[in-house]
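Comments concern the structure below.
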Amino acid sequence: MNSGSRLPAPDPGTGSGAGRVTPPSGPGEQVCHLYRLRPGAEAEYERRHADLWPEMTALLDAAGVYDYHIYRHGLLLICVLRTRWGFDHTRRVTGASEVQARWTASLAHLFAEIADADGEPLWAYPVFHHPGRPPAP
């Protein structure tokens, strides 16, 4: 798939490449970041998300978050979402929220890793995408 003339994208997880890597911030663009749970925290993490606070759901809606999925593989969490008005807007709304602060604090003991040394989320960047064709209606 690589034409041979293009260099691979910088890997924000290893620091290779130049510059700071941030997620796409445009409306509707998919964003992906990673978390790592502490050993033994898996069941509680899943329980908490099965019973998400209604005010947290309302905050996500107000911040423009949609099509939000969290996947788990062992201790690794893969968070994939889209935003109506861009991730920068979402970050401002959730960052100013007392609800978000309480939710984050209530889960803090479950995480081994949620951000890099600069406090940035552990962004995953796209390497490959095949849109394919959806099934005919």
Flag yes if [X] and [Y] sit in one hydrophobic cluster, no otherwise; membership is Ile, Leu, Val, Met, Phe, Trp, Tyr, and two members link when side-chain heavy atoms are under 4.5 Å apart.
{"X": "I78", "Y": "Y66", "result": "no"}
{"X": "I70", "Y": "L60", "result": "yes"}
{"X": "L81", "Y": "W53", "result": "yes"}
{"X": "V80", "Y": "L52", "result": "no"}
{"X": "L107", "Y": "V65", "result": "yes"}

Pairs under 3.5 angstrom only: tabulate donor-acceptor contacts from the side chains of residues 32-41 to other protein residues two or more places apart or in another chain.
| from | atom 1 | to | atom 2 | distance (Å) |
| --- | --- | --- | --- | --- |
| R38 | NE | H109 | O | 3.2 |
| R38 | NE | F111 | O | 3.1 |
| R38 | NH2 | F111 | O | 3.3 |

So, does [X] use its side chain to make a donor-acceptor pair with the main chain of [Y] at under 3.5 Å?
{"X": "D118", "Y": "E120", "result": "no"}
{"X": "R82", "Y": "G28", "result": "yes"}
{"X": "T90", "Y": "A63", "result": "yes"}
{"X": "Q100", "Y": "S97", "result": "no"}

R47 side chain near D51 side chain, heavy-atom distance below 4.5 Å
no
Flag side-chain contact, heavy atom, 4.5 Å: V31 against W123
yes
Roughly how far apart are L77 CG and E46 CD, rounded to 0.5 Å?
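These two atoms lie 8.5 Å from each other.
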Would you compute the distance between atom CG of L59 and atom CD of E98 and round it to the nearest 0.5 angstrom?
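Separation between the atoms: 10.0 Å.
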With sequence neighbours excluded, what pairs up with H73 under the side-chain hydrogen bond (donor to acceptor under 3.5 Å, both in side chains) test?
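Applying side-chain hydrogen bond (donor to acceptor under 3.5 Å, both in side chains) to H73 gives none.
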Please list, chain by chain and in numerical order, all residues satisfying side-chain hydrogen bond (donor to acceptor under 3.5 Å, both in side chains) with R48, sequence neighbours excluded.
S106
Taking all heavy atoms of P121 and all of R91, pick out the closest pair and write down the distance.
CD-NH2, 3.3 Å
Smallest separation among heavy atoms of A62 and W85, with atom names:
O-CZ3, 3.7 Å
Over 60° means perpendicular and under 30° means parallel, so tell me whether H69 and Y71 are parallel, tilted or perpendicular.
parallel
